[in-house]
Amino acid sequence: MRIATWNINGLRARKEFVEVWLKERQPDLVGFQELKIQDVDFPHEFFEELGYEAFVHGQKSWNGVAILSKAGGKLIQKGLKGQDDFGARLITVQVNDLEFTTCYCPNGKDIDHPDYIGKLDWYDSLISESKKSEQKNRILCGDFNIVARPIDSWKGEKATGEIFHTQEERLRMKELKSTGLEDIYESKYKDEQMFTWWDYRGGSFHRKHGLRIDTILATKDIAKRTKDFVIDRDFRKKKGDLTPSDHAPVYIDLE
DNA sequence: ATGGCTCTCGCGGAGAGA
């Protein structure tokens with residue numbers, strides 16, 4: 001079973017690119033972030049023809065998350081309690097015995113910006129909801145907008161203290177994991193440096209100037225069943241005349 | 001990098017992203 005997460009940076013702009021990826025990689029379950037589209041404009045038929053049922057929590061212009069499932073599922077939740085003002089950023093679907101959540105965590109803008117406090121508060125809500133879950137098999141994947149460890153930034157230790165790299169943000173990631181979720185990337189790769197996002201500007205991708213901010217967290221049994229964790233860098237590159245997202249897709253293969 | 005791309009809205013250029 002292949003389970004993926006991908007910040008696509010606009011579904012309208014990325015539809016054909018996403019189609020190429022789905023056909024090539026054939027994931028069973030996918031969490032998308034940054035749809036930038038309203039629910040009414042979501043192309044359900046397009047994904048049905050590719051073999052997926054879609055669950056959508058969208059919004060005009062900004063944010064927006066969706067789940068595609070080959071095996072269908074049951075919608076459990078849209079959004080995080082008390083955090084609606086921050087936009088459409090979380091959706092949960094039950095697929096057989098798996099509770100699957102994808103999230104687009106707030107950016108925070110800058111450590112002096114009010115959104116930074118909002119980001120920490122949003123995380124506190126996420127942590128408190130995760131703590132309450134009694135599901136044995138859970139996956140929480142998405143764009144976390146936090147660089148969990150110095151090695152996860154191309155700037156390394158030098159970036160500590162900047163937005164995405166503060167102790168407060170890193171503490172939130174640690175607390176999130178302490179609710180019974182394991183970062184499968186960190187278990188698989190230990191101290192290797194790999195990125196999931198590269199700035200569009202200045203040839204960052206080719207200069208290896210990136211960040212690891214997208215990942216897949218899972219409960220113990222799921223983590224144990226994971227054969228592979230892949231950052232699909234090839235899909236951060238142009239496909240013919242199709243523009244890529246600034247994030248690469250990320251997926252795991254389960255036994 | 002005080003922003004060198006790309007997205008959306010909507011028709012010009014501004015705001016957001018990370």
Side-chain angles (χ1 to χ4, degrees), chain A residues 5-19 21 32-43 56-66 85-90 102-120 122-123 141-170 172-173 185 193-215 231 233 235-250:
Chain A
T5 177
W6 192 8
N7 179 323
I8 56 173
N9 187 21
L11 179 57
R12 256 187 296 260
R14 211 69 58 215
K15 211 170 136 194
E16 287 73 28
F17 198 105
V18 166
E19 180 181 7
W21 178 75
F32 285 138
Q33 306 87 40
E34 274 209 272
L35 269 62
K36 300 184 178 178
I37 202 169
Q38 298 177 88
D39 289 11
V40 289
D41 296 323
F42 189 90
V56 185
H57 184 31
Q59 140 187 14
K60 192 174 179 169
S61 305
W62 310 114
N63 311 313
V65 286
D85 291 351
F86 240 130
R89 294 178 179 274
L90 182 141
T102 197
C103 63
Y104 173 49
C105 303
N107 172 304
K109 292 192 176 76
D110 188 85
I111 56 170
D112 298 323
H113 195 283
D115 278 11
Y116 176 64
I117 302 299
K119 177 182 191 175
L120 299 177
W122 192 93
Y123 260 96
C141 64
D143 174 359
F144 290 88
N145 275 330
I146 291 179
V147 173
R149 312 166 302 174
I151 198 173
D152 298 319
S153 169
W154 64 278
K155 288 194 272 187
E157 295 280 5
K158 284 202 295 288
T160 301
E162 293 176 12
I163 187 78
F164 284 48
H165 309 70
T166 67
Q167 295 307 329
E168 290 149 315
E169 289 165 302
R170 287 176 173 162
R172 297 311 189 281
M173 276 307 279
Y185 172 89
Q193 186 173 61
M194 291 167 76
F195 305 134
T196 64
W197 172 88
W198 297 262
D199 201 309
Y200 281 122
R201 297 165 293 185
S204 296
F205 183 71
H206 294 288
R207 293 163 71 186
K208 303 185 185 341
H209 291 183
L211 304 174
R212 187 181 73 88
I213 51 178
D214 306 87
T215 196
I231 298 174
R233 287 180 82 259
F235 283 85
R236 175 60 179 77
K237 301 171 187 168
K238 267 190 161 177
K239 291 280 165 199
D241 58 353
L242 300 175
T243 308
S245 167
D246 44 358
H247 296 250
V250 165

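Below, chain A is the first sequence line, B the second, and so on; all start at residue 1. Here the structure is a predicted model, which is why all the values come from computation and not from measurement.
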Worksheet item: For A/T196, which of A/D214, A/D143, A/N7, A/T5 qualifies under side-chain hydrogen bond (donor to acceptor under 3.5 Å, both in side chains)?
Response: A/D214
Worksheet item: Hey, which of these two, A/G203 or A/W197, hits DNA chain B nearer its 5' end, going by closest nucleotide?
Response: A/G203
Worksheet item: So which one's nearest nucleotide on DNA chain B is more toward 5', A/K238 or A/L211?
Response: A/K238
Worksheet item: What interatomic distance, in whole Å, is found between P of B/dA14 and the corresponding atom of B/dG10?
Response: 16 Å
Discussion item. Between B/dT2 and B/dC7, how many Å separate the two C1' atoms, rounded to a whole number?
Written reply: 22 Å
Take atom [atom1] of [X] and atom [atom2] of [N], then tell me their distance rounded to the nearest Å.
| X | N | atom1 | atom2 | result |
| --- | --- | --- | --- | --- |
| A/L11 | B/dT8 | CG | P | 9 Å |
| A/F144 | B/dA18 | CZ | P | 14 Å |
| A/Y200 | B/dT8 | OH | C1' | 13 Å |
| A/N63 | B/dA16 | CG | C1' | 10 Å |
| A/D110 | B/dA16 | CG | P | 13 Å |
| A/D152 | B/dA18 | CG | P | 16 Å |
| A/F86 | B/dG17 | CZ | P | 9 Å |
| A/R201 | B/dC5 | CZ | P | 9 Å |

Counting any heavy atom closer than 4.0 Å, what does [X] reach on the DNA or RNA strands: base, sugar-phosphate only, or nothing?
| X | result |
| --- | --- |
| A/D143 | sugar-phosphate |
| A/N7 | sugar-phosphate |
| A/I213 | sugar-phosphate |
| A/H247 | sugar-phosphate |

Are the side chain of [X] and the backbone of [Y] linked by a donor-acceptor contact shorter than 3.5 Å?
| X | Y | value |
| --- | --- | --- |
| A/E34 | A/N9 | no |
| A/R14 | A/T243 | yes |
| A/Q59 | A/A88 | yes |

Worksheet entry | Proximal nucleotide (of B/dC5, B/dT8, B/dA18) relative to the A/Y104 side chain | B/dA18
Practice prompt. Could you please name the option among B/dA18, B/dC7, B/dG15 that lies closest to any side-chain atom of A/R14?
Written response: B/dC7
Has [X] got a side-chain N or O lying under 4.0 Å from the OP1 or OP2 atom of [N]?
| X | N | result |
| --- | --- | --- |
| A/K60 | B/dC9 | no |
| A/S61 | B/dC9 | yes |
| A/N9 | B/dC7 | no |

Discussion item. Taking atom NZ as the centre, does A/K239 end up with more than 12 heavy-atom neighbours from other residues, nucleotides or ligands that are less than 6.0 angstrom away?
Written reply: yes
Fill in: Nucleotide opposite B/dA18 in a Watson-Crick or G-U pair, distances under 3.5 Å
none
Item to complete: Establish whether the base of B/dA18 is bridged to the side chain of A/D199 by a donor-acceptor pair shorter than 3.5 Å.
Response: no
Discussion item. Against the six-membered ring of A/F164, is A/K119 placed for a cation-pi contact (under 6.0 Å from the centre, within 45° of the normal)?
Written reply: yes
